[in-house]
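Since the model is a prediction, treat every value here as computed from it, not as a measurement. Excluded from the calculations below are hydrogen atoms, water molecules and symmetry mates; all remaining heavy atoms, backbone and side chain alike, are included.
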Amino acid sequence: MITVKALQLGFGEGSQYQQVLHDVGFSVGEGEAFGLVGESGSGKSTVLRCLAGLYSHWHGEMTIGGRALGHKLTRERCRLMQMVFQDPYGSLHPRHTVDAALMEPLVIHRMDRQHERVSQMLVKVGLNESFRHRYPHQLSGGQRQRVAIARALILEPRILLLDEPTSALDVSVQAEILNLLAELRARDGLTYILVTHDLGVVVHLCDRLAVMQQGRIVDTLASSALGNGGVTNPYTRTLVDATRSYSRAA
């Protein structure tokens, strides 16, 4: 469903130019959950921002369902693909109620049954009508992320781009959000691209993953290989060993 080929991106000009993506390529099947992992600064979130249309000066080729993605953000692209950001408090307007946050995309895209859609979406993400007129500061971190997921899904996209959607949450709440995402994917046949530094999240949610290092993909493998000794790439093994060492120290 999603194909990325020879994706390149840099920032700056002249002697200040710095390339941050180097010929990145991968494919994601329809209904698949695909992970992008790597150290901070490896370029994984930058790839998501290119797909989402937040960066437009990339070079290469990106297609969805065989149709090329252009450099301009279009209504059709927004309906097809939405993004959930890392910090739900930062991605929600502090002076907008939950109702306003969910209504806005419906109004922009002139969708019908707007109030009904908002009510249905709140239930879908595990909330209810009582949350409709609350502000972000009146919600817990997990509730805010549920609202952010609801806002991403309100336009009925086929693809969700997930940029570390649980890293700002407590461990117990992380599990709730991951289970919600898994349920939504199974129920609606959604396709996910998940960026995370947590290999445990990848094992829980993703079918396959690509490992990024310094703007390049250095390994692509099944998520099950992370736990069954099937990792052969030296850098991927380093990440797995680091995760195990951190878990033991914790």
Side-chain angles (χ1 to χ4, degrees), residues 1-28 32-64 67-74 77-78 80-88 90-91 148 152 157 159-168 191-202 205-221 223 226 231-243 246:
M1 184 181 193
I2 304 171
T3 302
V4 176
K5 293 181 180 178
L7 181 63
Q8 301 184 55
L9 182 79
F11 296 98
E13 296 180 358
S15 61
Q16 300 299 314
Y17 179 81
Q18 182 177 4
Q19 190 164 342
V20 295
L21 295 180
H22 304 264
D23 292 322
V24 171
F26 60 89
S27 61
V28 183
E32 184 179 14
F34 186 82
L36 287 174
V37 305
E39 298 172 290
S40 296
S42 62
K44 51 191 188 296
S45 291
T46 304
V47 173
L48 279 201
R49 290 174 179 270
C50 290
L51 280 165
L54 299 178
Y55 293 144
S56 60
H57 59 291
W58 48 270
H59 299 278
E61 181 183 347
M62 296 190 291
T63 64
I64 296 180
R67 298 184 62 180
L69 285 182
H71 290 79
K72 292 183 178 180
L73 189 58
T74 63
R77 188 167 175 175
C78 292
L80 178 65
M81 183 164 48
Q82 283 286 314
M83 189 165 176
V84 178
F85 295 90
Q86 177 178 1
D87 179 9
S91 65
I159 300 165
L160 280 191
L161 306 175
L162 306 166
D163 191 3
E164 303 204 35
T166 62
S167 64
T191 301
Y192 291 166
I193 298 182
L194 169 73
V195 159
T196 182
H197 62 276
D198 189 335
L199 298 184
V201 170
V202 172
L205 196 63
C206 296
D207 306 301
R208 295 185 302 125
L209 72 144
V211 180
M212 294 193 67
Q213 182 183 25
Q214 297 179 352
R216 295 176 171 86
I217 289 182
V218 297
D219 194 14
T220 303
L221 65 161
S223 299
L226 296 175
V231 175
T232 59
N233 180 276
Y235 180 68
T236 307
R237 280 206 307 268
T238 299
L239 292 180
V240 172
D241 292 341
T243 299
Y246 177 80

A side-chain contact here means heavy atoms from C-beta on lying under 4.5 Å apart; do [X] and [Y] qualify?
{"X": "Val211", "Y": "Leu221", "value": "yes"}
{"X": "Met212", "Y": "Val24", "value": "yes"}
{"X": "Leu9", "Y": "Tyr55", "value": "yes"}

Steps toward side chain to side chain contact (heavy atoms under 4.5 Å, CB included) verdict (Leu226, Leu239): CA-CA 10 Å; Leu226 296 175; Leu239 292 180; over 6 Å; no
Other residues, nucleotides, ligands: >12 heavy atoms within 6.0 Å of His71 NE2: yes
Atom CD of Gln19: over 12 foreign heavy atoms under 6.0 Å: yes
First locate atom [atom1] of [X], then atom [atom2] of [Y], and finally report the distance between them rounded to the nearest 0.5 Å.
{"X": "Leu69", "Y": "Ser56", "atom1": "CG", "atom2": "OG", "answer": "13.0 Å"}
{"X": "Asp23", "Y": "Lys5", "atom1": "CG", "atom2": "NZ", "answer": "13.0 Å"}
{"X": "Leu209", "Y": "Asp219", "atom1": "CG", "atom2": "CG", "answer": "7.5 Å"}
{"X": "Tyr235", "Y": "Gln214", "atom1": "OH", "atom2": "CD", "answer": "8.0 Å"}
{"X": "Gln8", "Y": "His59", "atom1": "CD", "atom2": "NE2", "answer": "7.5 Å"}
{"X": "Ile159", "Y": "Ile2", "atom1": "CD1", "atom2": "CD1", "answer": "4.0 Å"}

Side chain to side chain contact (heavy atoms under 4.5 Å, CB included) assessment of Val28 paired with Ile193: CA-CA 8 Å; Val28 183; Ile193 298 182; 4.2 Å; yes
With Phe34 via ring-ring contact (aromatic ring centres under 6.0 Å, His included) - residues at least two apart: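 So Phe34 forms a ring-ring contact (aromatic ring centres under 6.0 Å, His included) with Phe26.
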Test salt bridge (charged side-chain N to carboxylate O under 4.0 Å, His left out) applied to Glu32 - qualifying residues, sequence neighbours left out: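 Arg208.
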If you look at every heavy atom in [X] and [Y], which pair is closest and at what distance?
{"X": "Pro157", "Y": "Met81", "answer": "CB-N, 4.0 Å"}
{"X": "Ala68", "Y": "Thr63", "answer": "CA-CG2, 3.9 Å"}
{"X": "Gly200", "Y": "Asp198", "answer": "N-OD1, 2.9 Å"}
{"X": "Thr196", "Y": "Glu164", "answer": "CA-CG, 3.8 Å"}
{"X": "Gly70", "Y": "Trp58", "answer": "O-CZ2, 3.6 Å"}
{"X": "Val218", "Y": "Asn233", "answer": "O-ND2, 3.2 Å"}

Output a table of donor-acceptor pairs, distance under 3.5 Å, between side-chain atoms of residues 43-54 and any protein atom two or more places apart or on a different chain; print 'none' if there are none.
unit_1 : atom_1 : unit_2 : atom_2 : d
Lys44  : NZ     : Gly38  : O      : 3.1
Lys44  : NZ     : Glu39  : O      : 3.1
Ser45  : OG     : Asp163 : OD1    : 2.8
Ser45  : OG     : Asp163 : OD2    : 3.4

Derivation and outcome, side chain to side chain contact (heavy atoms under 4.5 Å, CB included), residues Ser167 and His197: CA-CA 9 Å; Ser167 64; His197 62 276; 4.1 Å; yes
Exam field: side chain Thr238 to backbone Pro234, donor-acceptor pair closer than 3.5 Å: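 At least one qualifying donor-acceptor pair exists.
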Side chain Ser223, main chain Cys206, donor-acceptor under 3.5 Å: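 Yes; judged by distance alone, with no hydrogens or angles, the pair exists.
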Phe11 vs Val20, side chain to side chain contact (heavy atoms under 4.5 Å, CB included): CA-CA, chis, key distance, verdict: CA-CA 8 Å; Phe11 296 98; Val20 295; 3.7 Å; yes
